[in-house]
*Asks:* 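Here you go, one structure.
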Amino acid sequence: MRMFPKTAAALLCMLFLAASLSGCSSGEKRIVRIGHNQATDHPTNVALLAFEEYIEGELGDRYEVEVYPSELLGSQTDMVQLTQTGAIDFCVASNSILETFSKDYTLFNLPYLFVSSEAYHQAMDDPEITGPIFESTRQAGFQAVTWIDAGTRNFYTVNTPIESPADLKGLKIRVQQSPTNVAMMSLLGGSATPMGFGEVYTALQSKVIDGAENNELALTSNGHGDVCKFYSYDMHQMIPDILIGNCGFLDSLSPEERAVFEEGFRMVNTVERQEWGKAVEAAKDRAANQQGVTFLYPEVQPFQDICTPMHRDLLEDYPDLAPIYEGIQAWNAACAE
Ligand code: GCU
């Protein structure tokens, strides 16, 4: 993944901050800025471009949407902070990093929380499950407006096939900057190395880390499969990405405008999901046939047995999350039938 130089990103951000403070607009139009960390061929970018087209089609006399991919505006943590202050209006953040802004988000980061993709989708589409969590950061200045599928996370390494948890022992594995992911990695025996997504390729190449964990698109869209030759389906997490918006901006919309934006948020979710399945298949094909990645299918149960005590620990620490956790279990049961 090619990164924008940090100084240039900082300059852009200062420009935005100055622009928002001075109420700068293009003519009479309000510019709506959205940042994310994926490449332009990624389903997230495709979905946000559909959002841009839709909003400008409906409200083009008042709003102009600008989508900034590839960490142009900094890391996800930087972008969440820019969204909090209103320097930008929206960004896509992994649910993982949101747990440092609200403990409620910790729930969706639990390993082996959902029994299948179907249960994951049903639960994430259920407003009784996501509603309270999506609202939980309002006091911090932002809220979630929709979720985005990011598939299933699995381990991949430069040269160690992971067939069982024992194979992770002693390996330095990059994880996202979230206490849950660090705890999961430690339980599984690897050495957790938290860092931002944009730093992973260089860390793999320079052997600062032995591997990482992510969905299949990291191999191709981010080039990790050029360095890592084993991808192992232990299926440890289904962590959604979350589109978050600045509350000041959302609250400034008229009811009519808000309805259009809400339709646009639904569109982000559906377009991305339509693109996701195709993108994963294409990534697997390219990784196997052009990058020389071997896909492994280890027994999942030993990984799961080590991780599931984390569910009990979370509910002990945060008993108020229990009703939502039970709601997820109900979807798990319904989808298992
Ligand atoms: C996925 C996810 C991103 C996240 C990244 C990571 O690509 O979609 O939101 O930043 O994983 O591992 O950091």
Side-chain angles (χ1 to χ4, degrees), residues 1-4 34-48 67-83 90-101 105 108-109 111 117 120 124 144-157 172-182 184-185 190 192-204 209 211-225 227-228 231 234-244 268-269 271-273 275-277 279-280 282-284 287:
M1 185 183 197
R2 262 195 305 277
M3 283 300 108
F4 205 61
I34 310 178
H36 69 90
N37 69 356
Q38 305 291 359
T40 50
D41 64 349
H42 192 280
T44 293
N45 195 59
V46 175
L48 288 172
V67 178
Y68 293 85
S70 309
E71 294 196 7
L72 279 174
L73 304 183
S75 70
Q76 281 188 342
T77 305
D78 295 335
M79 287 189 280
V80 173
Q81 285 161 357
L82 290 172
T83 308
F90 297 94
C91 76
V92 178
S94 171
N95 189 86
S96 288
I97 65 154
L98 292 178
E99 78 176 40
T100 56
F101 293 87
Y105 277 97
F108 300 138
N109 295 335
S117 302
Y120 164 52
M124 292 304 298
V145 294
T146 193
W147 69 280
I148 294 174
D149 195 359
T152 306
R153 297 183 77 95
N154 300 288
F155 291 111
Y156 53 95
T157 63
K172 287 204 203 73
I173 304 289
R174 178 268 174 169
V175 294
Q176 291 175 284
Q177 292 131 311
S178 108
T180 305
N181 290 352
V182 172
M184 176 192 73
M185 198 60 250
T193 312
M195 64 178 73
F197 197 33
E199 297 166 67
V200 180
Y201 182 86
T202 313
L204 287 167
I209 52 176
E213 50 79 54
N214 214 318
N215 59 58
E216 299 87 338
L217 269 61
L219 298 173
T220 51
S221 192
N222 305 93
H224 299 180
V227 190
C228 293
Y231 187 95
D234 69 292
M235 315 287 283
H236 56 262
Q237 282 162 320
M238 293 176 195
I239 297 190
D241 282 336
I242 309 288
L243 179 62
I244 63 164
V268 171
N269 174 280
V271 171
E272 198 270 352
R273 273 157 82 173
E275 294 293 315
W276 184 258
V280 168
K284 282 181 79 170

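One-based numbering, in listed order, for ligands and for the atoms of each.
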*Asks:* For atom 13 (O) of ligand 1, which of the options Q177, R174, R153 provides the nearest non-hydrogen atom?
*Replies:* R174

*Asks:* So if I count the atoms of ligand 1 from 1 in the order they appear, which ones are less than 4.0 Å from some heavy atom of D241?
*Replies:* 2 (C), 3 (C), 8 (O), 9 (O)

*Asks:* Might you point out which heavy atoms bring Q38 and F197 nearest each other, and give the distance in Å?
*Replies:* OE1-CE2, 3.8 Å

*Asks:* Starting from atom 4 (C) of ligand 1, locate the nearest protein heavy atom and write down its residue, its atom name and how far away it is, to 0.1 Å.
*Replies:* Q176 NE2, 3.7 Å

*Asks:* Heavy atoms only: give me the nearest S96-S178 pair and the separation to one decimal.
*Replies:* O-CB, 3.3 Å

*Asks:* Return the closest protein heavy atom for atom 1 (C) of ligand 1 as residue, atom name and distance.
*Replies:* N214 OD1, 3.4 Å

*Asks:* For residues Y201 and H224, report the shortest heavy-atom separation together with the two atoms involved.
*Replies:* N-NE2, 3.9 Å

*Asks:* Of the protein's non-hydrogen atoms, which lies at the shortest distance from atom 7 (O) of ligand 1, and what is that distance?
*Replies:* Q38 NE2, 3.1 Å

*Asks:* Look at atom 10 (O) of ligand 1 and say which protein heavy atom is nearest, naming residue and atom and giving the distance to 0.1 Å.
*Replies:* N37 ND2, 2.9 Å

*Asks:* Please determine, by modelled atom types, if N109 and N95 share a side-chain donor-acceptor pair under 3.5 angstrom.
*Replies:* yes

*Asks:* Just wondering, are more than 12 heavy atoms of other shown residues or ligands nearer than 6.0 Å to NZ in K284?
*Replies:* yes

